[in-house]
Structure formats: C-alpha cells, structure tokens
2 protein chains.
Amino acid sequence: MNSDNIPDIIIGRLPIYLRALQRMAEKGMKTSSQELGEHVGISAAQIRKDISQFGEFGKQGTGYSIGFLIDKLREILKIHHLWEVAIVGAGDIGHALARYQGFTNRGFRVAMIFDTDASKVGEKIGEFTIEDASKMVERIRAAKIKMAMVTVPASTAQEVTDKLVQAGVKAILNYAPTSINVPNNVRVQYIDPATHLQRMTYYLE
Amino acid sequence: MNSDNIPDIIIGRLPIYLRALQRMAEKGMKTSSQELGEHVGISAAQIRKDISQFGEFGKQGTGYSIGFLIDKLREILKIHHLWEVAIVGAGDIGHALARYQGFTNRGFRVAMIFDTDASKVGEKIGEFTIEDASKMVERIRAAKIKMAMVTVPASTAQEVTDKLVQAGVKAILNYAPTSINVPNNVRVQYIDPATHLQRMTYYLE
DNA sequence: TAGATTGTTAATCGATTAACAATC
DNA sequence: TAGATTGTTAATCGATTAACAATC
C-alpha cells in the first residue's frame, strides 16, 4: 500500500472505475483491465497502472474480483462510511440535489440545506426543512460537516465559500458559474453546464 | 491563427477563462495574464501560452483588452452564435435545466425536452412542453440539433445515447451516473455529483 | 524613458503507452 | 500444460514552468 503522493489525476479516475464496477457487479464476479477499460473508455495499461498504485488487487491470468476491487476503491476514496453534505442555496438545483436519490449508496447523505431568502426558510423539501443561512456557520460547525454543495448565484458564491471555510468545510462542489478562491487545504470541484457545453462546441461543425 | 490540433486540455481551460473574463468585464477594460490567473487559479505563464495558440491578442506592457479577448474566445469556442440543446429526461434535473437562466448569454438555448413517461408528456415547464421520447430522433433530426443533455437513469442512458447519435447529435452532456459509449466523432462531458464528491473525499481527514 | 507584460523558447516535469516476465 | 492477464519497467509522449528578448 503505497500511499505516498498519488497524482490527483489518478484519484480523479478512481470514482469512474468504481461507478463502472458497481454497474458491472450486477452481471458478474470478475473483470479484467481490458473489460473495465472498454466500459470507461480508458486503456487497460492505464487502469492497471492506476490500480497498482494502491496494492496488488488482481491475479495474473484471471483479472480482478469485482467485489474486492469495489471494496478497495471505496476504502481508498474513504467512502466506506457516509459523508454528510450541506447544500447552500435552495433554488431549482438545490431542490434537485436535496431530492437526488443517487447519493446514499455512493457514500454521501444530504444533511441540511440553507437559503438566505426569508420566504423560503422553513419550507420543506422532502425530509428537509430549509434553514436560515445566517445560522449556517454555527450549524455546520456543530455538526462537523466537511463537505458542501454551493448552488447560489455567481455573485454570492465567494461570500458563501468564505463562510463554509470558516465553518470548517474542506471540500466544496460548486454549481455557481464562477471560480472561487479557497485556502489550499480546501478542495473544490466545479459543475457548470454552460462551461461543459462550451468545452464541446469547439469541435462541432 | 494556428488552429492545427490544439490539445483538448487547452480547449477545456478556455471556457474557464471566458467565464472569469465576463465577470471581470463588469469592473474594468483591461487585464493581464497575472490578474486573470489569480481569478481562476492558473499560472500566468500557462494562460499566456494557452491564449497564444490562437493569435497575438495581448500587448506588451499593457496586457489584454477584456472585451477583445472575450470576443476572440467566443469565436474560438464557436459560441458567437446560439446553439440549440435538447434535454432528455424530465425529472428533477431535467426540470432544473429547462428553467436554468444561465444558458442564453453563454451561447446556448434549450429547444426541446423529452421523456418516456406518458404521464409527463404534455406537461409544461415554463415555455416548454414535455414531448414524447418516441418522437425524439425525428424531432431532433428535423431541427438539426447537435447538442443534448441526458438526465435519464443510468439504466437507460446508453439506449438514449444511441438514439441521440442516430439523430445526428454530436455533443452530449451526460448527467446519468454511468459512462456511455459513442462513436469518436461525438463528444461527451460528464456531470455526476457523487463522482465529483468522491474525487475530494480522498483528501479529507 | 522606465516599468510592465506579452509571446515564445528551452528546460523540466509528469503522464501515458508498449512490452514482457511473472504467474495464476 | 496452454492461455490469459497482472504488475512493472523503460520509452515515449505531452504539458507546465521559468526565463527573457521584444515592445508597448
């Protein structure tokens, strides 16, 4: 188990492997780097190299046990327990995330949702009640929540980010269409449909 | 204008630059690779190198005109005109995307939305009426739509993808939590919140 | 002019691929 | 045993950075 400074680009592929393996698990017990590669569109050599950073999880001649590899990946990614996540911003996207069924079996649980809009505070979204953003820092800190999804307008994203950092959040999934600045012990991932679409139009026509 | 085979990783950064520049435009006329780099968290050298792939858009001593650079980036990314996009899947995410206000001034317009569920077909989402997915290939082909956002369950994502390809779609933004396979003249981008969160948990604790 | 910043080169750094011995 | 597939090495390929002449 060689954990010394794995490149981030490898870490980024592990969830892709895991997702594919979980779908493949329904159909069989074993797989190979070749087969997994066909599912995810990555070369077999790279998959073997990536996985081998963390241990010898396969067997020559027979490949990988899907169940075993899933367990190992979940362990490596630290999603063998459930992470609580806060949502900031109860607009359409915040609502969709609060109701999203895809989190629980993948390591996450939405724990609370905040908005600044007084007319929304108190409103129910499924099991959740929208809470007042002015209580956010206190609430997140008390619950020791380390992850948040930001679904506020670009204009307030930095301000919200600063508060999350202050509350002890270490990983932010930012849906606001803007870059945000964080201390370097905090991770950020971006989801912005327009940016993703713009990345493809270059190749069209 | 040196358009011969620009690395995709550079193309991927251009929308990030553009997004930052559009926010910076509200505050001033000029910028530098240094300043832009601070906004987006990328080194000044890399920004200059990326931009210089497409022409000499800056001036020594004074930097870049924000307006001019925005125009150039929009042109390079081919978003100086509006792209029509189809949505497949009228669940929570499909609804949120249909109502999303962030597309129009960034080069995109939602044109139609489909679902297989007969009880949803005919339902209104703002200006849109949910259409029957059985008419999808025909409708998309007739409208010459080249981009689509897929917000169906993982189990039907490949099937939907095959139909979109058949309809002439060349770029897919996939919200379904699964890899999809497409011919190599079709581009895919993935948005999966659980995958994005899993990419950060490795670094926590 | 003096200061600032580009565009570009060369050097460095990092990631991917191909190949194959080991071995199940 | 024969066939298959891993883990790993070395070679290749590609991306980033540092530095600086050119010039606004």
Between P of C:dG7 and CG of B:Leu36, the distance in whole Å: 13 Å

Output the rounded distance in Å from CD (A:Glu35) to P (D:dA4). 15 Å

Could you tell me the separation between the CD atom of A:Gln46 and the C1' atom of D:dT9, rounded to a whole number of Å? 16 Å

Watson-Crick and G-U pairing of DNA chain C, under 3.5 Å, as dot-bracket with | and [ ]: ..||||||||||||||||||||||

Lys NZ or Arg CZ of A:Lys72 over A:Phe54 ring: under 6.0 Å, within 45°: no

Using heavy atoms to find the nearest nucleotide of DNA chain C for A:Arg13 and A:Thr62 separately, return the residue whose nucleotide is more 5′. A:Arg13

Distance check needed: D:dT17 P versus B:Ile10 CD1, whole Å only. 12 Å

Value in whole Å for how far the C1' atom of C:dA18 lies from NZ of A:Lys49: 12 Å

Here's one to test your reading of the geometry: is the NZ or CZ of A:Lys170 within 45 degrees of the ring axis of B:Tyr203 and under 6.0 Å from its centre? no

Once you round it to whole Å, what is the distance between P of D:dT16 and CD1 of B:Ile47? 12 Å

Output yes when a side-chain donor or acceptor of B:Arg74 lies under 3.5 Å from a complementary backbone atom of B:Ile79, and no otherwise. yes

Using a cut-off of strictly less than 4.0 Å, decide whether B:Arg48 has a side-chain nitrogen or oxygen near OP1 or OP2 of C:dT6. yes

So does B:Ser33 get a side-chain nitrogen or oxygen closer than 4.0 Å to the phosphate oxygens (OP1/OP2) of C:dT6? yes

Rounded to the nearest Å, what distance is computed from the NZ atom of residue A:Lys30 to the P atom of nucleotide D:dT6? 10 Å

Under 3.5 Å, which donor-acceptor pairs link side chains of residues 56-64 of chain B to any protein atom two or more places apart or in another chain?
none

Report yes if at least one side-chain N or O of A:Tyr64 is closer than 4.0 Å to OP1 or OP2 of C:dC24; otherwise report no. no

Among C:dA15, C:dT5, C:dT8, the nucleotide that comes nearest once only the side chain of B:Ser52 is considered: C:dT8

Interatomic distance where CD belongs to B:Glu56 and C1' belongs to C:dT6 [whole Å]: 9 Å

Any side-chain to backbone donor/acceptor pair from B:Asp115 onto B:Ala90? Under 3.5 Å, distance only. yes

B:Ser32, nearest nucleotide to its side chain (from C:dT6, C:dT16, D:dT5): C:dT6

Backbone N/O of A:Met200 and side chain of B:Gln189: donor-acceptor pair under 3.5 Å: no

The answer to which of A:Asp50 and B:Gln60 contacts DNA chain C further toward the 5' end, by nearest nucleotide, is B:Gln60

Got more than 12 heavy atoms from elsewhere within 6.0 Å of CZ, B:Arg99? no

